[in-house]
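Along the sequence shown, residues carry numbers from 1. Just so you know, these numbers use all the heavy atoms, side chains as well, and skip hydrogens, waters and symmetry mates.
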Amino acid sequence: MCGIVGIVGKTPVGQLLYDGLTVLQHRGQDAAGIVTISDNTFRLRKGNGLVKDVFHTRHMLRLQGNIGIGHVRYPTAGTSSSSEAQPFYANSPFGISLAHNGNLTNAEELKTWLREDAHRHVNTTSDSELLLNILAHELQHSGNHLTPDDVFTAVSNVHKRIRGAYATVALVIGHGLIAFRDPNGIRPLVFGKRESQTGVEYMVASESVALDACNFEFVRDIAPGEAIFFPENGPLHSKQCAENPTYNPCIFEFVYFARPDSTMDKMSVYGSRVEMGKMLGQRILEQWDELDIDVVIPIPETSCDIALEIAQQLDLPYRQGFVKNRYIGRTFIMPGQEQRKKSVRQKLNAIKTEFVGKNVLLVDDSIVRGTTSGQIIEMARAAGAKKVYFASAAPEVRFPNVYGIDMPSANELVAHGRELDDICSLIGADKLIYQTIEDLITAVSSGNPEIKAFDTSVFNGRYITNDIDQAYLERLDALRNNTTKETSDKNADSILDMHNEGED
């Protein structure tokens, strides 16, 4: 998962881009980058690490210009080396820089086409660089001056050529900023504006919370398949550039990734999670009425709103039984299993008085690999719990994600090929309950009944791009295994790169 921002301003935008990326840090902790345009030149800084570690005062002073884009990432396809950090740029035509959230599912086909037909060189394994070069290829048919129609024709051709999930921002030197979203609307993208003394300024971001942090007024979501062209000077232009756009937003955004104070596709993330808790609480009442639960405890932080609603539905006490160390990254997106295991104990500590002698219901947003859930259950027992019941606000995660979430291997998923009792035994719970997929869809869509379908492929294996088969999943699994080995072998070099890149 990644986070993107783009700003067309009337004054320097470097600090605003930094602020926007900081509140999107939850979407990617592996690398960060900002590029601005000043004096008809790209000003670029990117590297591995958190936003606060990649950008120092000397870097921010160089990021001059009234227009720019930014990116935070963690690796999905590709590697975690600093060469994979975004934004990427190409010199021709005009000079283009691009940042992208998502994953292209026909990347191998695109690599071949770029090399053999478009004669464009791709220097990394990132599918975002593929997307940059395909957009550049389509824009090169324009004249010396890029018109809105040129932009929309190029994006239309991009949609026809690529498949997968993508929310994209791109800078074109001398012209402006382009933002577009895949025809299924899998990855989120919003834009806002604000009035300054010198005119209207625009901002594009993965989540509305970034607009809030930068004092931009939310305007609307960018529609699936839509492109918006924000000229450096002048009003914006928008057009639907896909032939058959449909809304299929990633439901896992609402379960886990997005911040609760964000609104995406007219659906409140916070409101969705409250509804998840309501639906799951009702399910527990129906199926577990014989259980002697004493207290409901969330596994912080995503599940807190969910657990509070469950407690209200069950008429039981809600307690914060775990203290979270906020300086440890999300275990779900950490690249290695051993690193995830080690970090759980560093990340959470139990408040023993909330567990001693009690039958506790632990609530989490989801269970992916099961390792973290198992360790937390062990912690609850060690703190004195008599019985530990476990509730997941999402259904069983049984299938790999191919649209930009780092869980490509089915063998790593605790629910893959297993039934409920087997999963319960593996994580060590006394009883386990999952949200149904029907209830999850009902909970999230309650904020926007116009959206009838979501990408739920991790739960049911139905990939809405209709281009995923077992051979593709095996290739993706092999790529991830090679990436993990390379990351382990070259860990020291990656750290050195992070500190040295762009220091002069």
Given side chain to side chain contact (heavy atoms under 4.5 Å, CB included), test I222 with I228 step by step and report yes or no. CA-CA 8 Å; I222 295 178; I228 301 183; 3.7 Å; yes
Determine whether D294 and R319 satisfy the following criterion, salt bridge (charged side-chain N to carboxylate O under 4.0 Å, His left out), listing intermediate values before the conclusion. CA-CA 10 Å; D294 296 314; R319 295 288 187 269; over 6 Å; no
Please check: side-chain N/O of T124 versus main-chain N/O of S126, any donor-acceptor pairing under 3.5 Å? yes
Return yes if a side-chain donor-acceptor contact under 3.5 Å exists between E309 and Q313, otherwise no. yes
Mind checking whether P245 and E226 have side chains closer than 4.5 Å, heavy atoms only? no
Does the R381 side chain pair with the main chain of G428, one donor and one acceptor, at a distance under 3.5 Å? yes
Apply side chain to side chain contact (heavy atoms under 4.5 Å, CB included) to residues Q312 and L308 and explain how you reach the verdict. CA-CA 6 Å; Q312 291 177 348; L308 179 58; 4.2 Å; yes
Side-chain heavy-atom pair E301, K324 within 4.5 angstrom cut-off: yes
Please tell me whether D455 and N248 have a donor and an acceptor in their side chains that are separated by less than 3.5 angstrom. no
For H26 and Y256, which I'm curious about, is there any donor-acceptor pair between the side chains at under 3.5 Å? no
At their closest point, which heavy atom of R273 faces which heavy atom of F254, and how far apart are they? NE-O, 2.8 Å
Step by step, work out the side chain to side chain contact (heavy atoms under 4.5 Å, CB included) result for I134 and I162. CA-CA 9 Å; I134 291 165; I162 69 177; 3.7 Å; yes
Can you confirm whether Y434 sits close enough to I367 that some side-chain heavy atom of one is under 4.5 Å from a side-chain heavy atom of the other? yes
Salt bridge (charged side-chain N to carboxylate O under 4.0 Å, His left out) evaluation trace for E217 with K193: CA-CA 5 Å; E217 177 188 356; K193 68 177 183 178; 6.0 Å; no
What pairs with E109 under salt bridge (Lys or Arg N to Asp or Glu O under 4.0 Å), at least two apart in sequence or on another chain? R163
Could you tell me whether the side chain of N106 and the main chain of R161 form a donor-acceptor pair under 3.5 Å? yes
For the backbone of D422 and the side chain of S425, can you confirm whether one donor and one acceptor N or O come within less than 3.5 Å of each other? no
Heavy atoms of G321 and F355 approach each other most closely as O-CE1, 3.2 Å
Is L426 close to R418 at the side-chain level, that is, under 4.5 Å between some pair of heavy atoms? yes
Between F180 and H100, is the ring centroid distance below 6.0 Å? no
Do F322 and I376 pass the side chain to side chain contact (heavy atoms under 4.5 Å, CB included) test, and can you show the C-alpha distance, the side-chain angles, and the key distance before you say yes or no? CA-CA 9 Å; F322 294 101; I376 291 172; 3.5 Å; yes
I need the D439 CG to K278 NZ distance, nearest 0.5 Å. 11.5 Å
For the residue pair F454 and C250, establish whether any side-chain heavy-atom pair is separated by less than 4.5 Å. no
Result for side-chain contact (heavy atoms from CB on, under 4.5 Å) between Y403 and one of D182, L104, T465, V458 points to T465
Starting at CD1 of I405, measure out to OG of S457 and round the result to the nearest 0.5 Å. 7.5 Å
Return the minimal non-hydrogen interatomic distance between V295 and E354, and the atom names on each side. CG1-O, 4.1 Å
Reference residue F390; test side-chain contact (heavy atoms from CB on, under 4.5 Å); the match among L362, V363, I423: L362
Flag, side chain of Q435 to backbone of A393, donor-acceptor distance under 3.5 Å: yes
With side chains defined as the heavy atoms from C-beta onward, is the minimum distance between L98 and V169 less than 4.5 Å? no
Apply salt bridge (charged side-chain N to carboxylate O under 4.0 Å, His left out) to D430 and K387, showing your working. CA-CA 6 Å; D430 290 293; K387 291 184 179 180; over 6 Å; no
Assign the ring pair F459 / F252 to parallel, tilted or perpendicular, where the plane angle (0 to 90°) is split at 30° and 60°. tilted
Have T246 and N184 got a donor and an acceptor in their side chains that come within less than 3.5 Å? yes
Keeping the roles fixed (side chain from K266, backbone from T263), state whether a donor-acceptor pair exists under 3.5 Å. no
Report yes if some heavy atom in the side chain of M203 is under 4.5 Å from a heavy atom in the side chain of C214; otherwise report no. yes
Between T105 and Y463: side-chain donor-acceptor atoms closer than 3.5 Å: no
Working note: E412 + R369, criterion salt bridge (charged side-chain N to carboxylate O under 4.0 Å, His left out); need CA distance, chi angles, decisive distance, verdict. CA-CA 6 Å; E412 294 182 46; R369 296 172 177 90; 3.0 Å; yes
With a 4.5 Å heavy-atom cut-off, do Y389 and D292 have their side chains touching? yes
When rounded to the nearest 0.5 Å, the distance separating CG of L132 from CG of D127 is 11.5 Å
What I want to check is whether the side chains of D365 and S303 have a donor and an acceptor closer together than 3.5 Å. no
Quick check against the 3.5 Å criterion: does Q25 have a side-chain atom that pairs as donor or acceptor with the backbone of G28? yes
The residue among R259, R187, R27 that forms salt bridge (Lys or Arg N to Asp or Glu O under 4.0 Å) with E207 is R27
